[in-house]
Amino acid sequence: MVLLGDKEYFKGIGEIKFEGKESDNPLAYKFYNPAQVVAGKTMREHFKFAMAYWHTLCGTGGDPFGPGTKQFPWSVASDARKAAEDKADAAFEFITKMGFDYYCFHDFDLIDEADTLAESEKRIHSIVEYLKAKQNASGVKLLWGTSNCFSNPRYMNGAASNPDFDVLARAGAQVKIALDATMALGGENYVFWGGREGYMSLLNTNMKLEQDNIGRFLNMAKDYARGQGFTGTFFIEPKPMEPTKHQYDFDAATSINSIREYGLQDDFKLNIEVNHATLAQHTFQHELQVAANAGMLGSIDANRGDYQNGWDTDQFPNNVLETTEAMLVFLKSGGLQGGGVNFDAKTRRNSTDLEDIFLAHIGGADTFARALLVADAVIQNSAYEGLLQKRYASFASGKGAEFAAGKLALKDLYDHAVANGEPQQISGKQEMFENILNQYS
Ligand code: XLS
Ligand code: NI
Ligand code: NI
């Protein structure tokens with residue numbers, strides 16, 4: 001089914017509407033009701049759902065054992081500019097039919113990279129003009145842009161962490177062009193995911209120099225964009241491994257340390273991805289909480305991994321209980337600072353119908369919406385908050401409160417312990433907390 005010249009790619013699929021949980025229509029939202037107010041904000045404002053250009057329009061399902069399986073009707077033109085326009089048409093048709101307000105891209109998701117830097121820059125500029133018109137016509141906005149400094153073989157030894165200055169400078173040029181494109185499109189944020197910023201073997205690696213170079217590189221990118229008037233937030237997206245064995249931005253805590261070490265804490269926050277958290281042997285909610293504690297919970301890449309293997313499988317979210325634990329952190333920390341929820345997720349290799357892309361995003365949005373509703377009900381109506389407070393009540397009065405206010409010395413702890421004897425055993429009540437989540441979901 002090739003629709004050359006025909007601008008509707010997703011035929012037979014209209015606007016996806018909220019129909020509620022009783023609806024049997026697979027192409028309707030059961031829980032995501034954009035206008036519904038939860039904890040003082042509409043769902044639409046809470047989430048700022050975004051489509052990821054790379055998975056949704058570029059990824060045809062190839063894996064190490066076989067080629068792509070999906071024939072996208074927008075990927076048939078041989079001319080780069082025409083192919084990019086078709087892809088943009090499909091992108092905006094999809095985003096608007098989903099009722100989403102945002103999208104995210106890597107530079108060369110938009111249009112194929114050319115043989116030279118100059119020609120690549122020209123191509124990006126020309127497609128940016130086209131996208132600008134599409135944004136204006138639809139009201140769809142750019143949540144964040146980024147540059148792909150990991151696919152091209154020139155980056156096999158890294159981009160900003162490359163041992164060769166020429167490659168580092170080449171990456172700098174690419175980031176400048178991607179920043180220009182992001183700013184021209186009114187992008188609200190800019191992401192750095194260091195796919196090849198890491199190493200495979202310490203034997204051939206000067207880790208200190210590589211990390212210092214990344215710090216200098218990020219500062220230069222930030223200074224350039226600020227100099228051009230960019231007021232958005234920069235996000236680091238942590239991931240422990242894949243493609244490199246040791247990625248420098250391993251997890252939220254590691255990345256926050258780097259951000260502070262490089263002096264970037266006023267401009268940078270984190271973009272937390274579910275499957276990256278689990279690859280780092282953390283939970284998603286743990287990573288959100290670490291980011292929130294540092295005031296750096298910026299944005300979310302929504303997906304999920306697979307518990308039976310250790311890859312970045314980028315499946316769509318569908319686990320309500322787990323997402324509810326994440327939404328508890330989300331609500332209690334006041335939501336995302338500047339970012340939104342980007343579906344960095346792909347349909348399976350054998351999900352080959354165009355309709356599957358809609359079903360997947362509907363499922364992802366419904367999972368987040370349902371989890372938000374449950375988390376809100378738990379906070380508002382259940383014993384949860386009270387139980388949590390009670391667990392730490394010893395710091396709210398007496399000596400505990402004095403300690404929390406920084407008024408005690410070690411000798412005071414000694415005196416308190418001597419006076420009070422062996423502390424009572426107090427249960428952590430984990431099962432009771434878990435039962436509350438189950439009860440409200
Ligand atoms: C890969 C990352 C990537 C970033 C953007 O694992 O998730 O898709 O989000 O470069
Ligand atoms: Ni991501
Ligand atoms: Ni990822």
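Along the sequence shown, residues carry numbers from 1. Each ligand, and each atom within it, is numbered from 1 in the order the structure gives. When reading the values below, keep in mind they use all heavy atoms of this one structure, side chains included, and skip hydrogens, waters and symmetry mates. Bear in mind the structure is a predicted one, so any value in this text is a computation, not a measurement.
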**Item:** Minimum-distance atom from the Ni ion (ligand 3) among N, O or S atoms of E273
**Value:** OE2

**Asked** Looking at D312, which of its N, O or S atoms is the nearest one to the Ni ion (ligand 3)?
**Response** OD2

**Asked** What atoms of ligand 1 come within less than 4.0 Å of a heavy atom belonging to D312?
**Response** 6 (O)

**Item:** Atom of E237 nearest the Ni ion (ligand 2) (restricted to N/O/S, atom name only)
**Value:** OE2

**Message:** Check contact between E242 and ligand 1, using heavy atoms of the residue and a distance below 4.0 angstrom.
**Reply:** no

**Request:** Would you name the N/O/S atom of D344 that lies closest to the Ni ion (ligand 2)?
**Result:** OD2

**Request:** Take the angle between the ring planes of H106 and F150 and call it parallel below 30°, perpendicular above 60°, tilted in between.
**Result:** perpendicular

**Request:** May I ask you to decide whether R304 forms a salt bridge with E322, counting only side-chain N to carboxylate O separations under 4.0 Å?
**Result:** no

**Message:** I'd like to know if K132 and E129 make a salt bridge, using a cut-off of under 4.0 Å between side-chain N and carboxylate O.
**Reply:** yes

**Item:** Numbered atoms of ligand 1 (with element) below 4.0 Å of H106, judged on heavy atoms
**Value:** 5 (C), 10 (O)

**Prompt:** How long is the gap from CG on L288 to CE on M296, to the nearest 0.5 Å?
**Reply:** 15.0 Å

**Message:** Ring centres under 6.0 Å, that's the criterion: do F230 and Y190 meet it?
**Reply:** no

**Request:** Determine the interplanar angle of the H46 and F330 rings, folded into 0 to 90°, and report it as parallel if under 30°, tilted if 30 to 60°, perpendicular if over 60°.
**Result:** tilted

**Residues that T244 engages under side chain to side chain donor-acceptor pair (under 3.5 Å), provided they are two or more places apart** = Q247

**Asked** Can you tell which part of N148 has a heavy atom less than 4.0 Å from ligand 1: side chain, backbone, both or neither?
**Response** neither

**Message:** Need the atom name: nearest N/O/S atom of D301 to the Ni ion (ligand 2).
**Reply:** OD2

**Prompt:** Between OG of S441 and CG of L321, what distance do you get to the nearest 0.5 Å?
**Reply:** 4.5 Å

**Request:** Flag D344 as yes when one of its N or O atoms lies below 3.5 Å from any N or O atom of ligand 1, and as no otherwise.
**Result:** yes

**Message:** So that I can tick it off, tell me whether K332 and E385 are bridged by a salt bridge, with the cut-off set at under 4.0 angstrom between side-chain N and carboxylate O.
**Reply:** yes

**atom 2 (C) of ligand 1 [closest protein heavy-atom partner, distance rounded to 0.1 Å]** = E237 OE2, 3.3 Å

**Asked** Any idea which atoms of ligand 1 are less than 4.0 Å away from a heavy-atom of D301?
**Response** 9 (O)

**Prompt:** Is the shortest N/O to N/O distance between K239 and ligand 1 below 3.5 Å?
**Reply:** yes

